[in-house]
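Written out below as structure tokens is the structure these notes cover.
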Amino acid sequence: MSDLLRSSRSPWLATPLIAVTTLTSLWSLTTMIQLDEWVVTAAFALFGVTLAVMLSRLASRSRIVPSIVGLVASILLLVPLYATDAEGQGYTLPTPTAVTTLFRTFADGYDYALGAPGDSGPIPVVPPLAALFAVLILGLFLVCEHIAVSWRAVASAGLLLFAPWIPAIVLNRRVSIPVLVIGLAAWIAAMSLSRKNAPLERGISLASASTATLASLMLTGLAVPAALGGQGWGSIPSFDTPEFFDTPLRLNLDLDLRSSLNENSNSPVILYVSSGPRPDAFRLYTLTDFDGAGWDYEAPEPTNRPAGTGLLWPESVAGWSESERTRLDVSVLGLAANSLPVPTEPRTVEVAGNWSYDASSDTIIGDSETTRNLDYTIVAGTSYHTSQALRATDAILASDPSQDASDPAVFEVPPAADLASIRALAEELTAGKTTRYDQALAIQNYLRNPSVFTYTTSVDPAPGDAVSAFLESKRGYCLQFATTMVIMLRSIGIPARLGYGFLPGGFDGTNGYVVRGKDAHVWPEVYFPSHGWVRFEPTPSVQSGAPPTWADPFAGTTVIPVPREVLEGGSYPVGPLPNGPTTPGDDPTPSDDAPFLPAWAIRTLGVVVALGLFGAFLLWRRRTVAIERALHGPEGAWQRLADRLGELAWPASATPLEARSHVLKAIQRLGDRPPAQTGADALVFLSGAVSDHRYAPGGTAATQAQLDSWVMEVVWEAESATAEATGRPARGGVRTAPRSGS
């Protein structure tokens with residue numbers, strides 16, 4: 001009887017929980033693919049398959065039948081959703097041609113995924129790729145559901161369910177913490193259901209303990225790094241955590257060109273309001289020492305020049321009071337640094353705290369200060385750098401070479417670099433350029449050429465000369481582009497260094513701008529005598545936007561009448577584009593988007609849900625009635641007696657007569673006396689009723705009340721014998737049942 005009860009409580013409720021965990025695994029791929037309408041289609045297919053499997057588990061106790069039903073349901077749903085012929089016509093039934101077409105669609109999706117660029121952010125999901133992901137989702141669900149429910153090994157299934165999250169965590173990709181928590185909660189709930197419904201006699205085996213340990217380690221490995229944050233890069237290396245932990249972002253100053261770039265946070269780090277144009281960047285640090293593979297940052301010491309004392313710039317600025325200036329009201333949020341983010345133009349700063357200005361690095365340094373939750377005001381000369389002014393500095397250098405940069409480190413090319421090859425390329429690119437500005441612009445424009453170089457966040461490790469490796473592979477991210485321009489300039493005697501900070505961000509939708517963790521960036525800076533350090537932008541526009549106006553060869557032209565804010569990343573919201581006149585009845589333009597739910601699918605879904613719920617109710621009611629019947633009558637009473645007697649119960653193979661003899665002897669042996677007459681009579685009456693029920697043509701005439709009273713009499717007798725043997729009183733309340741024969 002106990003086996004019957006346990007088997008009737010099938011853990012089919014774990015099936016939808018496994019489906020929820022499977023669906024949440026899609027969010028581990030957000031840095032690689034775009035999650036849009038196709039997810040609804042996939043969720044619809046998963047819902048249909050889940051419903052089919054649940055109904056099968058309610059109707060059958062087979063381990064394999066529900067999984068087979070789920071596989072069939074998957075094919076029935078995938079064919080009309082994703083199989084289309086060459087003319088774009090869909091299939092309704094899974095004919096051999098339709099199934100063949102469906103598999104061909106999967107293959108096209110696989111080819112598309114392999115050929116998609118991995119360096120331009122999440123790729124759009126076209127119909128073949130949506131079909132491939134749908135079959136992978138359904139396959140993952142069926143395998144994990146079979147392991148978790150058929151074999152009640154939910155912990156083992158979790159190793160597969162959370163496998164899609166592992167690359168995102170290991171590669172320090174940004175993941176959705178709420179979605180991951182939902183998946184973990186559903187998985188834990190499924191484990192609870194499975195464990196609670198498992199047989200009570202079943203012990204914990206070594207395999208089960210090992211699996212649970214691995215599952216716990218996996219849970220820790222997923223949840224802890226995701227919650228506490230790992231090294232994320234954005235545009236360059238930085239440390240980041242989820243917003244709700246309120247942990248500040250810290251830029252990683254160990255810049256190694258041999259490492260790939262990981263996705264960073266979308267969390268805001270700086271908010272600012274500008275009275276004029278945006279600054280071209282916010283710089284925090286400058287770096288000069290490069291060993292051929294990475295940059296070494298040496299923090300400057302605080303100086304005796306407070307940040308709030310006048311104009312901050314390493315050179316004198318003529319006509320500052322009459323120049324065009326922009327006021328910036330800045331609020332730093334989740335950024336922890338001891339250097340103040342400031343524009344790369346001359347500026348004045350009003351800031352509370354002990355901040356000082358270092359002219360050699362052109363940075364504002366905090367003595368035991370931090371930028372987190374700091375508000376300050378900047379007035380910047382955003383029109384200070386111009387191409388005319390930069391070209392004019394060559395006359396100064398020609399008349400007095402000592403006016404050039406004094407730090408020898410900004411001229412050095414590391415011994416690991418192939419100086420001859422790098423210099424030859426730099427001289428080739430700058431041939432015929434007579435000014436330092438035009439030479440720097442030529443190298444910048446060469447590196448920004450998308451037909452020559454490819455922006456990618458993944459680079460192959462290269463020992464030794466990372467610059468030469470980049471010039472050979474022509475693939476990299478901002479750190480490779482900026483470093484290469486610095487070394488190429490140094491190879492031909494032009495002082496250059498690396499600037500490190502943030503791009504200017506985008507419009508926040510109200511009246512200001514927001515800079516996010518992903519806007520972290522590096523760039524080269526070139527020294528111009530009597531003018532100062534000037535930012536250039538060799539990184540392609542796919543990541544950096546347009547270069548600064550003074551380094552933009554197209555600045556001032558009217559060939560493309562597009563606002564600069566749009567070219568630099570869409571700082572201002574753009575209204576809807578006109579679609580032309582439309583009239584009722586016009587056919588919509590065909591779309592290449594992944595399939596959304598058609599009208600027939602919505603209607604079918606409603607019918608399937610209604611039929612599924614009705615069928616589930618009927619199956620549940622039938623199972624409930626069967627259980628209730630099993631708990632009543634002679635067989636139910638007989639099984640309840642066996643359960644209550646525990647160790648005194650008879651072997652399962654014993655007949656009612658043999659069972660009666662076994663119990664009487666056990667009670668006598670335990671109590672060291674014959675059983676009381678009432679208990680012995682009750683056992684005789686009950687065993688006789690069971691025998692009549694099983695073998696007599698007319699069954700038994702005993703009522704349910706009589707059966708229950710006989711069970712209680714025998715149990716009382718057994719407990720009394722146990723009490724006499726152990727010296728503990730028998731449990732009360734049993735003799736309230738009617739006496740046998742009453």
Side-chain angles (χ1 to χ4, degrees), residues 1-13 57-62 196-202 616-667 670 675-722 730-742:
M1 183 67 176
S2 59
D3 292 339
L4 174 63
L5 292 176
R6 282 189 292 267
S7 63
S8 68
R9 298 195 298 256
S10 172
W12 60 271
L13 286 174
R57 293 212 174 274
L58 283 170
S60 171
R61 295 179 184 173
S62 171
K196 184 171 64 175
N197 292 322
L200 297 179
E201 307 85 29
R202 179 180 173 184
F617 172 77
L618 292 180
L619 290 170
W620 171 80
R621 183 57 186 164
R622 188 180 70 176
R623 183 67 59 81
T624 302
V625 170
I627 294 173
E628 290 176 350
R629 289 177 178 174
L631 293 173
H632 292 78
E635 294 294 347
W638 193 242
Q639 184 62 53
R640 285 203 310 278
L641 177 60
D643 292 339
R644 294 290 299 274
L645 291 177
E647 295 180 356
L648 302 182
W650 55 89
S653 59
T655 65
L657 183 60
E658 293 172 338
R660 181 179 68 190
S661 176
H662 175 88
V663 172
L664 291 174
K665 291 179 180 179
I667 292 176
L670 183 64
Q677 190 62 40
T678 54
D681 290 345
L683 184 56
V684 171
F685 295 147
L686 180 59
S687 62
V690 173
S691 297
D692 290 344
H693 172 72
R694 292 181 180 179
Y695 309 118
T700 180
T703 65
Q704 186 65 45
Q706 289 176 318
L707 294 171
D708 292 339
S709 68
W710 294 334
V711 170
M712 302 304 278
E713 289 287 0
V714 177
V715 170
W716 173 259
E717 190 62 36
E719 290 183 348
S720 298
T722 303
R731 289 175 292 179
V734 177
R735 286 198 176 273
T736 58
R739 305 288 289 181
S740 58
S742 61

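As the structure is a computational prediction, the values presented were derived from the model and not from experiment.
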CD/Glu719 to CG/Leu645 distance, rounded to the nearest 0.5 angstrom?
9.0 Å
Find out whether Leu648 and Val663 are in side-chain contact, i.e. whether some heavy atom of one side chain is under 4.5 Å from a heavy atom of the other.
no
Looking only at heavy atoms, which two atoms of Ala654 and Ala659 are closest? And how far apart?
CB-N, 4.1 Å
Sequence neighbours excluded and cut-off under 3.5 Å, please list the side-chain donor-acceptor pairs for residues 692-699, or say none.
from, atom 1, to, atom 2, distance (Å)
Arg694, NE, Glu635, OE2, 2.8
Arg694, NH2, Glu635, OE1, 3.2

NE2-OG1 distance between His662 and Thr655, expressed to the nearest 0.5 angstrom:
12.5 Å
For Val714 against Leu683, the heavy-atom pair lying closest together:
CG2-N, 3.6 Å
Would you please test Leu641 and Trp710 for side chain to side chain contact (heavy atoms under 4.5 Å, CB included) and show each step?
CA-CA 9 Å; Leu641 177 60; Trp710 294 334; over 6 Å; no
Working to the nearest 0.5 Å, report the span between CD of Gln677 and CD of Glu717.
10.0 Å
Mind listing the closest non-hydrogen atom pair of Leu707 and Pro634 along with its distance?
CD1-N, 3.6 Å
Under the criterion side chain to side chain contact (heavy atoms under 4.5 Å, CB included), I'd like the reasoning laid out for Val711 against Leu686: C-alpha separation, chi angles, the key distance, then a yes or no.
CA-CA 7 Å; Val711 170; Leu686 180 59; 3.9 Å; yes
Taking the side chain from Ser661 and the backbone from Glu658, do they hold a donor-acceptor pair closer than 3.5 Å?
no
Derivation of the side chain to side chain contact (heavy atoms under 4.5 Å, CB included) call for Arg640 and Asp708:
CA-CA 9 Å; Arg640 285 203 310 278; Asp708 292 339; 2.6 Å; yes
For the residue pair Pro656 and Ser691, what are the closest heavy atoms and their distance?
CB-OG, 3.3 Å
Which heavy atom of Ala701 sits nearest to which heavy atom of Gln706, and what is that distance?
O-OE1, 4.4 Å
